[in-house]
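Below is one structure, written out as structure tokens; comments come after it.
Small disclaimer: the values here were computed from a predicted structure and weren't measured.
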Amino acid sequence: MPTRAERLERALKLSLSAIALCALGAFARASDDYDAEIRVFIAELRAWRGGSDEAAARVDASAARLCDEFARCDVSRVVDFYRALTPAARVQGLMDEERFVALWQRVRDAGTSGIVGDAWREQRIEIERELRTLAADASARPDFVPAAQAWSLCARLGLQRLEQATVADATAFAELLERTLDDAQRAATAFERAGQLTPRIEALWLLGRVAACRGQESAARAQFEQCLRLAAAVRRDDLRESALQGLLSLARAAGDAREQDRRLEELARFREPSTHWPLARDWAARLLEQDFAEESVAFLERNAPPTEAHVLDHVEWELLIGNAQLRRGALDEARLHFERLAEAAPSELAVLSLATLALREERTFEVLALLQDSDAAATFSPLGRERARALLGEALHAIGDDDGAAEHLQAAFDSALEIDRMRALERRDAVAGTAAGIIGERLGLHTVALLADTRARQRRPLDAVCAIEEAQARSLRRSTSPAVPGVTPASVRAWASAYELGLVTWVVGADFTVAAHVAPDGTARCVRVEHGRVDLEEAVRRLRESVLARGAEERLAALALDLARSLFPPQISASLASCARGAPQWPRLLILAHGPCEALPFEVLDWSAIVGTDELALVASPGLDAALPSPSRIEWADLQWTLCGAPLDAAQRELLPGAREELALLRELHGATASATGADFRHVELLQALRSGRALHIATHLSAECDVAGSFGGASLVTSEPQPVCAEEIAAVRSDLPLVVLAACWSGGGAFVDAEGLFGLSRAFLAGGARNLIATQWPIEDSSAAAFGAEFHRALERGLGPARAAALARQRLREAGTRAADFAAFRALGRD
Amino acid sequence: MTTFDAGQGPALPPRCARPDLMAALPSFAESSPERRRELAEHAARCRECGAQLAHLERAQAWIEQRLTPKVAPVCPSAEDLYDYGRGPGARRMSEPERMSIRAHVSTCPECSSLVDTLAHRPPVPVVIEEPATRLAADRRRRLRLLVPLAAAAAVAAALLWRGAGKTTPDNASDVHAHARIRFPADPPLRGQAPSDLWYPRDRVLRSSQALWSKLQFELAPHERASKYRVVLYRNDGSAFDSGRELVRLESTSPLFDSGSIAFELPAGHYTWEAWIEVDGLDLALGRRDFECVVDDGLVRELAERERAAEPARSEALLHLLHDAGFVGDARAFARTLPATPERDQYLARRPVR
């Protein structure tokens, strides 16, 4: 019998030999003749339709080759359709098609020669009229395919108007939407009847775009995904690209940056940014959004649209590179590009860009002159008006006109919230907790920070806190109700009074941060901190790295001090210390950790320097809950527990031996408990445990390979079955558990969504209604996890709540000499 | 605890009356059930054989315990290892399967080295002639990959069929000496949070003259990356300093030298930022800090240990560096040792948090 190594070697040899032969064979066939065969088929089909009987046999032969050699057996349906027509009908169809092609060319020529504005509007009306006449004529004939083509182009023209929001009147918009839907449906049905797969893909793609315009995101996604599959089957890269652009626009509308990146990377597999401007444009915009201004400039310079490209491509390039130069502080270069932009397209984009530059150059009155012109502003799109208001607010803030600034900033803020509310109502079919960062993507946290700073300067700090909380982690509040309840001074006061030290929160803008503390008595303080998003992200990264590094204790202490001083400036620190004096033992502080702060290990900060005591219990939350705080009536010592985990693999081997021991210890500690461990730790058992209402301790692996499409980056919990439990399922259960202990690795992590926070397993449990959660901020040593678990559960048995029990357990581990990497990993999340 | 020497039970004869049975005791485990029963009955009556049998049973239990792996009792099949190593044409494994094999591979040097063999992919081509006909970008890219893949696969297959793939070190005695080195081990973690920026990280050792080892940038390999780029900054060690750019480096490989600048890095704090180019797009991999630490005490201690005989010398150097947090230096030193499964397993370890 061959040994294991021999079997592996044999498998390797066979595979390598096979690959060598296949790859060399593929290369020897230097070019793929699929395109050539398709061209033959189209030419012969055209000849046959034009009256050449000899071409009929060549059409059949080509169709047979396409089926046999290229798996395109669908073309036989096309042949059957034309065979069923009389020769006269085939000729008439061809003539109709030529009418369509002439109209199509007029549309294309208008685009390539840069006809815009009224000139294009007039041309469009005429072309559309002719298209409808053609559709009416051809639809009554045996060869109705030209009618389908005309409907398809009409739908395209309609969509262009819908998507560019050039239809101001709501009734007219609704009518156009219905007409466009009707055109696309007619086209799809007619192409299907004629057996024409490739043109049908375009009609399906149009239906996807119509669905997106109607706010039917799931339907749109399904159509685009179908187009992507069919386009791959017919080997049409242009249609693949269109489908991907559709999916990309959905991701952009939802503020889902990860999805945008994924789709762009997919597109780059068959399009090159140097020759394909839409790809280069979207990628440069992503680089800029991530604050990589230098790289964005270099990328744009490398991938500029060619001279002969559409005029709008050049306009987009000037706009993007101007903004990238502005962000990297090269103001002269930025001005050069914006002036070229204004010359080429004197639109709202040029006005807004020049105003942004003037603001940066501290020529504030020029900003006011540019944007306070109400006639010009009236021509702006809704998004342009929003941006103009935000810029005006910023300019007024810069010259100290706080009332004026507040008016404009609040208007821009309210407008973005309204759009977010509308989108939430439209997206009822989406999973709760969808990462739709409308505030982050559309309004920008910079504007929220400006509004909070303005409110603070107006001595209205509670209003500042309301703005900070209203704008961030909205999907968490939406998980209980699609119409997100507003954050009011009363609700903020109620939350602050529920904790002995009140609450702290931050909004991290592009260039600065506003920190706020609300004491239990409702007194609020706001302080501007001169560190923006990039600064704080870097600082948090450094702190996390030094927590995990061996031998870096001094650096850890220095970095923790830097961060504590910045995020808890003296006014906030003094306010906290004042609350701590006279507070009971282990006072609790609610930390609303937004933006980069969510990843900050607050547990390693020197709290005695900030508050005056190390003995405090931190309760972290990604945002305020929609419901008002209610006093906990839970007897923590009497909790009923379900203990889950210690999964087995397919060969019944233990994946985590330490987890079994941990669960056995907890079973001993709590007495009678429900449990699902080892082979019994299955998908259904975990979901049942989530619905049970009992406290839940889960000791298992975390995986990121969940196939369910959603916002949580594929996060899931491994069970003893191949099927993991996905974060989306956890969020959808609505568990309302009093306490969940996630003794899995890095369970507090996730993918970051601007203005929303980290989307991972923790967010799924909180969105699913768990009141409290103990999660880990990075992978932890198996032994430390078990030790923390034991200390934490013992503290609960003593009647302490989760935050205090976690704080005590951390302290015990620290006293026992455990490194910060292990004791500080555990975070109490939720409400306590 | 009951022992035969404790004098409990009936008095036993001091000397063995059945030397034939006494001689058969060492093969007790391999004997037939009848023979074992006979031997056990005799041992229960004979003090000398009783003690010997008890000793044999303890030894057997100890050996069984040592031979039974705690995590994975049986090595995975060759096919499973092949799929885990993601060799060409491998099937996609389920997450539990993957985790189970990963747990096993981390404790089994033999399986680990076999998986490593699979993990090496053919290199990315540097130059390729443009095809005569205009092909779609993805097809062109596919062909670019196919040629070297074919060549590499053909060569590898030929070598394997001829049995030339066996790794026989030239200096067998040297390898034998180094095979006894105990490489530093890290405690088991619950899961991983892998980063694309592997080394340098945390602390890099330097004496008052120079860096202790050659600085190399190690990134996670990306299948489709055509270029790897590193930007190195110096910062003042505070939380918020964005730093001053020192150098930009480019490579087609994820492991590349920092060039001559590395040897001039003074003590202090550094940040490196990594990028890859995939299908013409620049992808940011992230940023990471490291500190060049002057630790003359440790450098002296390392110099003292240099004089020790192998394998104590290598083992001491490795552990001194690794335990003090100079993991990149420990790895650089490990690279200078002759290849053994243990060394390769140590070098194959990736930072997981």
Side-chain angles (χ1 to χ4, degrees), chain A residues 4-5 7-9 11-13 15-17 19-20 23-24 26-27 30-31 237 265 268-274 283 292 295 299 531 535 539 541-542 545 548-552 559 562-563 647 649-650 653 655 657 701-703 705 718 722 724 744-746 749 778-783 785, chain B residues 70-73 75 77-79 81-82 87-89 94-97 99-100 103 110 114 118 131-133 135-139 143 146-147 149-150 153-154 156-157 160-161 187-193 202-203 237-240 242 278-282 284 287-289 291 324-325 352-353:
Chain A
R4 203 170 48 247
R7 278 187 290 139
L8 181 64
E9 190 179 324
L12 186 64
K13 283 172 188 173
S15 301
L16 287 168
S17 306
I19 286 168
L24 287 169
F27 185 68
S31 69
D237 284 351
E265 285 168 33
R269 291 189 174 214
F270 61 95
R271 292 281 190 246
E272 291 179 11
S274 55
W283 192 256
F292 294 123
E295 288 72 18
F299 182 80
H531 288 297
D535 278 0
R541 175 186 63 74
R542 284 178 176 151
E545 283 177 15
L548 299 176
R550 261 196 301 263
L559 292 172
D562 276 357
L563 268 155
D649 67 8
R653 291 175 293 214
L655 288 172
H701 269 303
L702 189 145
S703 148
E705 295 197 1
V718 170
C745 84
W746 200 26
W778 45 76
I780 35 164
E781 283 187 15
D782 197 29
S783 56
Chain B
K70 282 179 181 165
V71 178
C75 283
S77 71
E79 289 74 18
L81 280 174
Y82 185 81
S94 72
E95 179 66 5
E97 274 181 294
M99 281 180 173
S100 161
E110 189 188 1
L114 289 170
L118 290 171
T133 52
L135 298 170
D138 62 338
R139 246 182 295 156
L143 284 174
L146 278 175
V147 179
L149 184 65
L160 282 164
W161 283 121
L189 293 181
R190 286 216 179 158
Q192 303 185 342
D202 305 340
R203 309 210 304 160
S238 67
F240 294 104
S242 56
V278 177
D279 297 331
L281 304 181
D282 297 319
R287 287 161 76 90
R288 181 150 206 110
D289 276 30
E291 183 182 1
V352 290
R353 65 176 189 177

Inset, instruction - Not counting sequence neighbours, which residues clear side chain to side chain donor-acceptor pair (under 3.5 Å) with Glu781(A)? List them please. - result: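 Counting only residues at least two positions away or on another chain, Glu781(A) forms no side chain to side chain donor-acceptor pair (under 3.5 Å).
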Inset, instruction - Between chain B and each of Ile780(A), Asp535(A), Leu548(A), count heavy-atom pairs under 4.5 Å; write down the option with the most. - result: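 The option with the most such pairs is Ile780(A).
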Inset, instruction - For chain A, find which of Val352(B), Leu281(B), Asp202(B) contributes the most heavy-atom pairs closer than 4.5 angstrom. - result: Leu281(B)
Legend entry - For chain A, the option from Ser242(B), Ala239(B), Gly325(B) that forms the most heavy-atom pairs under 4.5 Å: Ala239(B)
Inset, instruction - Mind checking the CG-CH2 spacing from Asp282(B) to Trp283(A)? Nearest 0.5 Å is all I need. - result: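 The CH2 atom of Trp283(A) is 8.5 Å from CG of Asp282(B), to the nearest 0.5 Å.
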Minimum heavy-atom distance [X]-[Y], with the two atoms named:
X         : Y         : value
Gly280(B) : Pro273(A) : O-CG, 3.4 Å
Arg288(B) : Glu545(A) : CA-OE2, 3.4 Å
Arg203(B) : Arg550(A) : NE-O, 3.9 Å

Legend entry - salt bridge (Lys or Arg N to Asp or Glu O under 4.0 Å) involving Arg542(A) - partner list, sequence neighbours excluded: Asp289(B)
Inset, instruction - Flag the pair Leu563(A) / Phe240(B) as yes when at least one side-chain heavy-atom distance between them is below 4.5 Å, and no otherwise. - result: yes
Inset, instruction - Please state whether the side chain, the backbone, both or neither of Arg287(B) comes within less than 4.5 Å of a heavy atom of chain A. - result: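 Arg287(B) touches chain A through backbone and side-chain heavy atoms alike.
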